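Everything numeric here is computed off the predicted structure, so don't read it as measured data. Below, chains carry the letters A, B, ... as their sequence lines are ordered, and counting in each starts from 1.
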Amino acid sequence: MSKKVRVRFAPSPTGGLHLGGMRTVLYNYLFAKKNGGDFVLRIEDTDQSRYVEGAEEYIFSCLKWAGLVPDESPIHGGSYGPYHQSERKELYRKYAEQLVKEGHAYYAFDTTEDLEKMRHAPMAIGVKTDHNPSPQYDHNIRMKMRNSLTLSSEEVNKLLTERTNHVIRIKMPEHETVTFIDIIRGEVSFDTSLVDDKVLLKADGMPTYHLAVVVDDYLMKISHVFRGEEWLSSAPVHVLLWKYLFGLNEMPQWAHLPLILGPNGKLSKRDGVKYGFPVFAMSWTDPKTAEVVEGFKEKGFLPEAFINFLALLGWNDGTEKEIFTKEELIEKFSIERVHSGGAKFDYEKAKWFNHEWIKKLNVESLKWKVIEVLKEKGITGIEDAVLEKVITLVKDRCTLLTDFYEQSFLFFKTPEKWDVDAVKPKWNEAKQLFFAELTRNYQLSNDWNAISLEKNFKEIIAMNEMKPGELLLPLRIMLVGGKFGPGVFDIAEVLGKEETLHRIKLALTQFSN
RNA sequence: GGCCCGUUCGUCUAAGGGCUAGGACACCACCCUUUCACGGUGGUGAUACGAGUUCGAAUCUCGUACGGGCUACCA
């Protein structure tokens with residue numbers, strides 16, 4: 001009965017892929033997978049003037065990183081290609097002309113100057129007033145412009161055969177109400193008199209978004225369209241186009257996703273730089289200005305955490321569960337449970353998700369990412385067994401992957417400075433002797449692990465009638481230089497006998513003089 | 001300005017006529033830990049406002065306010 005679920009994400013390759021876009025991808029992907037459907041990626045590159053070098057490859061990288069790989073796309077292929085709208089250019093004119101023939105659209109020959117005059121000039125043809133600061137090209141003024149509605153057919157034919165620059169505009173009906181059902185908002189309606197005659201086909205022969213979405217969604221057999229709320233206003237144009245071209249029965253179901261907001265309204269790239277959090281999935285370098293905007297990946301986010309918090313930004317499964325794997329999200333997701341209200345992005349909460357995921361993931365899955373982080377900082381060639389122990393010891397203390405450096409460098413770098421102020425004031429002969437004895441003891445140890453190291457330490461303390469608290473801190477500072485790090489004996493175990501004794505010896509010279 | 005969408009703790013949200021309005025992040029306190037985290041316990045904190053419908057409204061209706069989006073030969 002119902003047709004196969006096919007959804008699409010249709011970005012234009014103009015730069016960084018931000019949170020809102022990624023969430024749209026996610027919801028499309030989850031919905032497709034949940035319903036055994038296809039997720040297609042179509043590149044909306046009908047505006048050559050906005051084409052940005054590398055942006056398309058970048059989009060694929062982001063999807064790959066997040067694990068949201070399309071079933072069909074320019075690089076994955078598929079039987080509904082081509083998947084670049086620019087390569088489908090010849091397709092669209094036919095539909096636009098069909099609309100003209102049927103009286104739903106018309107040729108318009110107005111120049112940019114004409115339009116400028118219509119909208120903004122002092123003696124505007126449009127009805128620009130304080131009450132109407134931006135007059136539209138609509139039923140009120142279309143009969144005052146140069147188009148196939150006002151020109152004789154001879155004149156129109158002449159202009160057309162002379163290949164005069166022209167566009168094709170939709171002729172919005174005057175007093176109709178267009179109503180459609182939005183899956184997450186319910187019934188939405190518009191008075192067509194208030195919608196302008198949108199350009200369908202541009203002077204360069206390329207379609208605008210409005211024509212292209214409808215034609216491509218039809219040709220690609222798209223069953224559900226999930227897109228940002230910013231498209232809601234132009235939905236009546238799309239609905240009408242469906243009605244005229246392919247029939248309302250063929251029309252996909254719509255869902256307009258709420259916007260993701262920043263600290264002051266709509267989330268923007270600027271919010272990110274201003275408040276110090278990423279807004280793009282991955283770092284994006286503007287090819288013209290060489291400006292780099294850091295992404296979630298580079299900031300130290302796990303893809304698992306990224307899609308988890310993105311999914312929860314506007315959706316929940318109705319329970320109090322917050323940590324979801326991708327598989328769980330696929331199982332639980334439903335578009336009906338998506339909120340209608342916009343959601344303000346909370347970076348603190350995003351970090352919390354990442355922390356939860358670092359704690360949740362096992363050492364094996366974290367390993368290569370930690371190696372990358374350490375490599376960035378010049379720490380390489382770590383023995384596998386050591387690295388695994390280190391990760392186990394510090395992962396609970398890392399919120400971002402990049403924290404692995406701050407939390408674990410102490411294992412790989414012998415301290416050069418010590419927090420002597422924390423030790424020296426209370427330093428005395430007895431402590432000096434204690435560490436001499438501890439060193440001798442450890443030297444002889446052939447059971448080098450945290451438990452026996454601690455046991456030996458405590459035994460010596462007991463024999464000398466000392467307090468553990470007075471000696472634990474000095475030992476820590478000897479080993480790592482300051483008041484930080486995991487358990488002291490765990491550190492010593494990982495460091496090994498030689499390095500541990502070396503560090504004690506080195507530090508002792510600092511405390512005793 | 002017009003049109004459209006939205007409005008529960010600071011933030012993300014649950015509760016789709018009956019509730020002490022629940023959870024999470026953040027924040028605060030205490031506990032654990034003689035490093036710091038993690039963890040545990042508890043706390044502060046919300047239904048924008050006004051009418052109406054109803055025995056009863058965060059939940060339904062209307063109005064107001066506020067917020068957002070759109071108003072290009074950009075998507």
Side-chain angles (χ1 to χ4, degrees), chain A residues 10-14 44-47 49-50 85 108 110-112 115-116 119 128-138 165-169 182 184-186 188-191 193-196 198-210 212-213 227-236 256 258-259 261 263 265-266 309 312-323 337 339-353 355-356 359 394-399 403 407 419 422 467-473 475-477 480 482-488 491:
Chain A
S12 57
T14 52
E44 308 243 342
D45 56 351
T46 54
D47 186 356
S49 65
R50 295 215 311 165
Q85 286 184 329
D110 315 279
T111 62
T112 17
L115 294 173
E116 187 65 20
R119 282 192 275 255
K128 181 181 169 168
T129 62
D130 289 344
H131 295 291
N132 185 15
S134 45
Q136 312 188 105
Y137 197 122
D138 61 14
N165 265 196
H166 66 277
V167 301
I168 293 179
R169 286 179 181 272
D182 184 283
I184 71 189
R185 281 156 218 282
V188 181
S189 32
F190 296 84
D191 178 350
S193 308
L194 273 1
V195 182
D196 63 333
K198 291 254 186 302
V199 169
L200 264 22
L201 201 73
K202 301 187 256 188
D204 64 3
M206 279 288 194
T208 59
Y209 173 83
H210 305 105
V213 237
R227 64 204 333 186
E229 191 184 337
E230 67 267 27
W231 293 108
L232 198 48
S233 304
S234 48
H256 290 89
L259 265 11
L261 309 169
K266 189 173 69 164
F309 80 70
L312 273 284
L313 211 50
W315 172 86
N316 71 84
D317 75 341
T319 73
E320 283 169 2
K321 185 175 166 70
E322 295 200 273
I323 303 298
R337 281 198 68 89
H339 266 270
S340 45
K344 200 171 286 181
F345 173 61
D346 181 359
Y347 186 48
E348 293 305 317
K349 183 105 187 213
K351 283 194 291 193
W352 174 80
F353 273 104
H355 191 186
E356 291 302 307
K359 287 191 284 178
V394 306
K395 68 202 272 276
D396 286 3
R397 329 161 79 88
C398 295
T399 297
D403 293 339
Q407 294 299 333
D419 185 356
K467 289 177 189 162
E470 290 175 352
L471 295 155
L472 227 32
L473 188 65
L475 178 58
R476 164 177 300 281
I477 292 175
V480 305
K483 291 188 244 182
F484 53 82
V488 208
I491 295 172

Using OP1 and OP2 only, check whether a side-chain N or O of A:R119 sits under 4.0 Å from B:C73.
yes
The contact string for nucleotides 5-11 of chain B, one letter per nucleotide 5' to 3', using protein heavy atoms under 4.0 Å with B, S and - for base, sugar-phosphate only and none, comes out as BS----B
Distance check: side-chain N/O of A:N316 vs OP1/OP2 of B:A14, anything under 4.0 Å?
yes
What contact category does A:L200 fall into here, base, sugar-phosphate, or nothing, at under 4.0 angstrom with non-hydrogen atoms?
nothing
Considering every strand and a 4.0 Å limit on heavy-atom distances, what is the contact class for A:P236: base, sugar-phosphate, or nothing?
nothing
For residues A:F309 and A:W352, establish whether the separation of their ring centroids is below 6.0 Å.
no
Checking all strands, does A:F484 fall into the base, sugar-phosphate, or nothing category for heavy-atom contacts under 4.0 angstrom?
base
Tabulate protein N/O versus nucleotide N/O from nucleotides 59-64 of chain B, keeping only pairs under 3.5 Å, one per line.
none

Indicate, with a heavy-atom threshold strictly under 4.0 Å, whether A:S12 touches base, sugar-phosphate, or nothing.
sugar-phosphate
Within the structure shown, what part of the strands sits under 4.0 Å from A:L194 by heavy-atom distance: base, sugar-phosphate, or nothing?
sugar-phosphate
Could you tell me whether the phosphate oxygens of B:A75, OP1 or OP2, come under 4.0 Å of any side-chain nitrogen or oxygen in A:T46?
yes
So what does A:G485 touch, heavy atoms closer than 4.0 Å: a base, only the sugar-phosphate, or nothing?
base
State the CG-NE2 distance between A:L200 and A:H210, to the nearest 0.5 angstrom.
8.5 Å
Taken in chain and number order and not counting sequence neighbours, the residues that satisfy side-chain contact (heavy atoms from CB on, under 4.5 Å) with A:P236 are A:V178, A:F190, A:V195
Here the distance between atom P of B:U71 and atom NZ of A:K198, to the nearest Å, is 6 Å
Just call it for A:D110: base, sugar-phosphate, or nothing, with non-hydrogen atoms closer than 4.0 Å on any strand.
base
Which is true for A:K266 with a 4.0 Å heavy-atom rule: it touches a base, it touches only sugar-phosphate, or it touches nothing?
sugar-phosphate
Nearest to the A:P468 side chain among B:C70, B:U34, B:G68, which nucleotide is it?
B:U34
Counting any heavy atom closer than 4.0 Å, what does A:R337 reach on the DNA or RNA strands: base, sugar-phosphate only, or nothing?
sugar-phosphate
